[in-house]
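Let me begin by presenting the structure, written as structure tokens, before commenting on it.
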Amino acid sequence: MSGGGCSIVWFRRDLRVEDNPALAAGVRAGAVIAVFIWAPEEEGHYYPGRVSRWWLKQSLAHLDSSLKSLGTSLITKRSTDSISSLLEVVKSTGATQLFFNHLYDPISLVRDHRAKEVLTAQGISVCSFNADLLYEPWEVNDEEGRPFTTFSAFWERCLRMPYDPEAPLLPPKRIISGDASRCVTDNLVFEDESEKGSNALLSRAWSPGWSNADKALATFVNGPLLEYSQNRRKADSATTSFLSPHLHFGEVSVRKVFHFVRIKQVLWANEGNKAGEESVNLFLKSIGLREYSRYMSFNHPYSHERPLLGHLRYFPWVVDEGYFKAWRQGRTGYPLVDAGMRELWATGWLHDRIRVVVSSFFVKVLQLPWRWGMKYFWDTLLDADLESDALGWQYISGTLPDGREFDRIDNPQFVGYKCDPHGEYVRRWLPELARLPTEWIHHPWNAPESVLEAAGIELGSNYPLPIVEIDAAKVRLEQALSQMWQHEAAARAAIENGMEEGHGDSADSPIEFPQAMQMEMDHEPVRNNNPVMVTVRRYEDQMVPSMTSSLFRAEDEENSSVDIRNSVVDNRAEVPTDVNVAEDPRRNMVDQAAVQTARTNATPHFNFAVGRRNSEDSTAESSSSTRERDGGVVPVWSPSSTNYSDQYVGDDNGMGTSSSYLQRHPQSHQLMNWQRLSQTG
DNA sequence: GTAGAGTTCTG
DNA sequence: AGAACTCTA
């Protein structure tokens with residue numbers, strides 16, 4: 001309306017027309033150009049996996065048709081640099097404003113900040129919004145104005161915030177389309193020929209797109225939610241929300257989910273329905289975890305690559321690609337683990353409980369580096385989500401103050417009888433064990449020969465023996481920990497002698513991904529010169545030998561969508577991803593301006609650590625800038641504004657230099673264990 | 001009312 | 001694994 005210049009609404013992971021503040025702002029301002037830019041190279045290692053790309057493709061098509069019915073359409077751009085593409089769109093449309101919604105992964109924080117700077121410098125007015133969280137990360141602080149470092153404290157605070165999360169916005173009634181006639185739309189390619197077959201299966205189980213997300217929400221709230229607290233721990237029940245991929249792509253807003261569910265809760269509370277009330281609390285907690293993952297990512301933008309607590313810095317991870325492969329293929333010899341891994345491969349989906357089982361097995365029993373596992377999740381999960389997965393894996397690895405203790409090994413056999421008491425889940429995904437009685441289903445290695453024979457199982461032949469015994473794993477873990485302690489002590493001694501800097505030694509650099517995975521991720525169909533080769537190796541590498549096509553086909557023909565979905569997962573996305581911000585040269589630049597910005601914006605970052613904390617710092621300002629909802633605060637984060645080493649390593653290794661993070665958790669289990677161990681060692 | 005066992009929960 | 005919590009005799 002004003003001036004005539006139209007505005008660009010930049011869609012990213014907010015692929016919805018309802019409760020989309022950026023879109024609403026665009027509509028309010030006049031004519032709108034809706035844009036989506038596909039620039040996966042910006043994600044570094046974390047090029048989206050096959051199933052995730054499939055989802056994105058569907059979701060964009062859905063969004064486009066919604067926009068069309070409202071009066072405009074989605075401009076898509078294939079790019080290697082989002083910001084230049086934005087500039088192009090600006091030039092070709094004469095837009096004068098840009099609206100977008102916030103993201104909190106490390107790459108986006110940097111990119112969006114830059115986008116704002118660059119576009120503003122071009123005279124474009126840029127406004128960004130919160131569309132992904134109940135509260136912005138910088139709104140949620142403890143009494144002293146510092147960010148929380150444990151989930152429960154964080155979540156409690158969220159639930160007791162003095163103001164409610166914004167109420168969801170209605171979809172626009174219609175959109176006036178800006179003139180995009182001179183703006184070229186690229187045809188985006190999300191799958192190659194070889195992927196189409198596998199992808200075809202997905203549409204039987206899932207319906208991407210914002211209005212489907214809405215339906216999924218309604219279905220869940222009116223159905224399984226009531227018994228969520230009862231059923232949530234069953235691996236095989238269809239009682240989870242199935243919202244995680246929808247949430248990942250922003251097809252439904254958490255605020256809507258929150259309000260919807262809260263209304264139900266009030267209703268149940270009035271009826272004295274205790275179970276229902278409790279279910280809502282539990283479900284909201286998993287929403288809270290998603291919320292927290294963004295919070296952590298914002299406050300610790302390296303958390304997808306490096307542990308928050310550094311007490312495992314010298315842990316000698318097992319770098320064994322054979323183990324890794326056995327895990328991926330579901331051939332570890334532990335039925336629950338194997339069933340999970342095969343389900344993951346076949347469907348891109350896992351119940352949250354099972355994610356915990358397989359990742360915990362990965363870290364504690366196989367003792368493989370958690371980033372490998374996280375990366376595999378990234379490649380295979382339908383709801384792959386960098387922040388959530390980083391949080392999940394760190395939790396499992398015991399590198400969060402409130403994570404699991406590192407030296408606790410979950411026994412898949414016992415866990416199996418808890419979350420799959422009748423072995424149905426195992427039998428579904430491990431056909432070779434289908435005839436094994438429940439008594440032995442989670443520990444076939446103990447079954448009498450006659451039972452195995454009757455079930456047609458020959459251990460070591462058509463089903464593997466345990467790849468590592470649990471007892472052996474315990475021993476090995478203890479040894480590894482004492483080894484770690486020795487290194488730790490040596491390093492400490494070296495520092496005390498002034499021999500070296502505390503950081504920067506080899507223990508700091510992450511273990512590289514195995515060759516095979518590097519290949520998988522580096523060779524993306526779209527940008528690869530030789531797609532055929534790539535595709536093939538990729539497929540072979542991830543193929544699950546014992547199920548192969550037969551299972552696929554069976555599932556495919558008969559049991560349609562419901563069945564695949566039965567494998568349930570709850571709404572918590574657990575996928576990891578990792579971007580190479582750490583490699584970003586900017587990280588080393590001293591950029592006072594950025595620091596300044598960051599501070600005044602009160603975006604409490606990681607570590608102005610101890611020193612800063614005492615100085616009056618930005619608390620006061622922060623609360624003021626905090627609530628400018630519209631147009632306001634972009635999550636400003638700039639790698640240069642943080643002192644990397646301080647951030648975590650220093651943090652917690654217990655060496656004198658330590659600063660922020662762990663110091664606030666002297667009581668943490670991790671630390672205590674660690675000290676205890678240190679004496680042993 | 002209490003000791004002790006059993007159960008559940010833990011982000 | 002361990003704490004907290006519940007049930008039982």
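A note on names: the letters A, B, ... follow the listed sequences, proteins ahead of strands, and every chain is numbered from 1. Remember, predicted model here, so these are calculated numbers, not experimental data.
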By salt bridge (charged side-chain N to carboxylate O under 4.0 Å, His left out) - contacts of A/Arg12 (at least two apart): A/Asp112
Interatomic distance where CG belongs to A/Leu159 and P belongs to B/dG11 [whole Å]: 14 Å
A/Arg13/A/Asp105 salt bridge by N-O under 4.0 Å criterion: yes
Evaluate the criterion side chain to side chain donor-acceptor pair (under 3.5 Å) for residue pair A/Gln367 and A/Asp320; output intermediate values, then yes/no. CA-CA 9 Å; A/Gln367 292 160 34; A/Asp320 183 325; over 6 Å; no
Range-with-range stems of DNA chain C (Watson-Crick or G-U pairs under 3.5 Å, three or more in a row): B:2-10 with C:1-9
Using whole Å, what does the distance between atom P of nucleotide C/dA1 and atom CD1 of A/Ile409 come to? 9 Å
Taking atom P of C/dA1 as reference, at what distance in whole Å does atom NZ of A/Lys364 sit? 11 Å
What nitrogen or oxygen pairs link the protein and nucleotides 7-10 of chain B at under 3.5 Å?
from, atom 1, to, atom 2, distance (Å)
B/dC9, OP1, A/Arg233, NH2, 3.4
B/dC9, OP2, A/Arg233, NH2, 3.0

A/Asn281 CG to B/dG11 C1', in whole Å, measures 16 Å
Establish, for the pair A/Arg328 and A/Phe324, whether the NZ or CZ atom is under 6.0 angstrom from the six-membered ring centre and no further than 45 degrees off its axis. yes
For the pair A/Arg290 and A/Asp132, find out whether any cationic side-chain nitrogen is under 4.0 Å from an anionic carboxylate oxygen. yes
Euclidean distance, atom NZ of residue A/Lys474 to atom C1' of C/dA1 [Å, nearest integer]: 9 Å
Do A/Gln394 side-chain atoms and A/Ser303 backbone N/O form a donor-acceptor pair below 3.5 Å? yes
Does A/Arg342 come within less than 4.0 Å of A/Asp338, counting only side-chain N to carboxylate O? no
Nearest-Å distance for atom pair CH2/C1', residues A/Trp393 and B/dG11: 16 Å
Separation of A/Phe414 atom CZ from C/dG2 atom C1', in whole Å? 16 Å
Could you tell me how far apart A/Glu156 (CD) and B/dG11 (P) are, to the nearest whole angstrom? 12 Å
Looking at every heavy atom in both A/Phe260 and A/Ala218, which two are closest together, and how far apart are they? CE2-CA, 4.3 Å
Tightest non-hydrogen contact, residues A/His442 and A/Gly416, listed as NE2-O, 3.1 Å
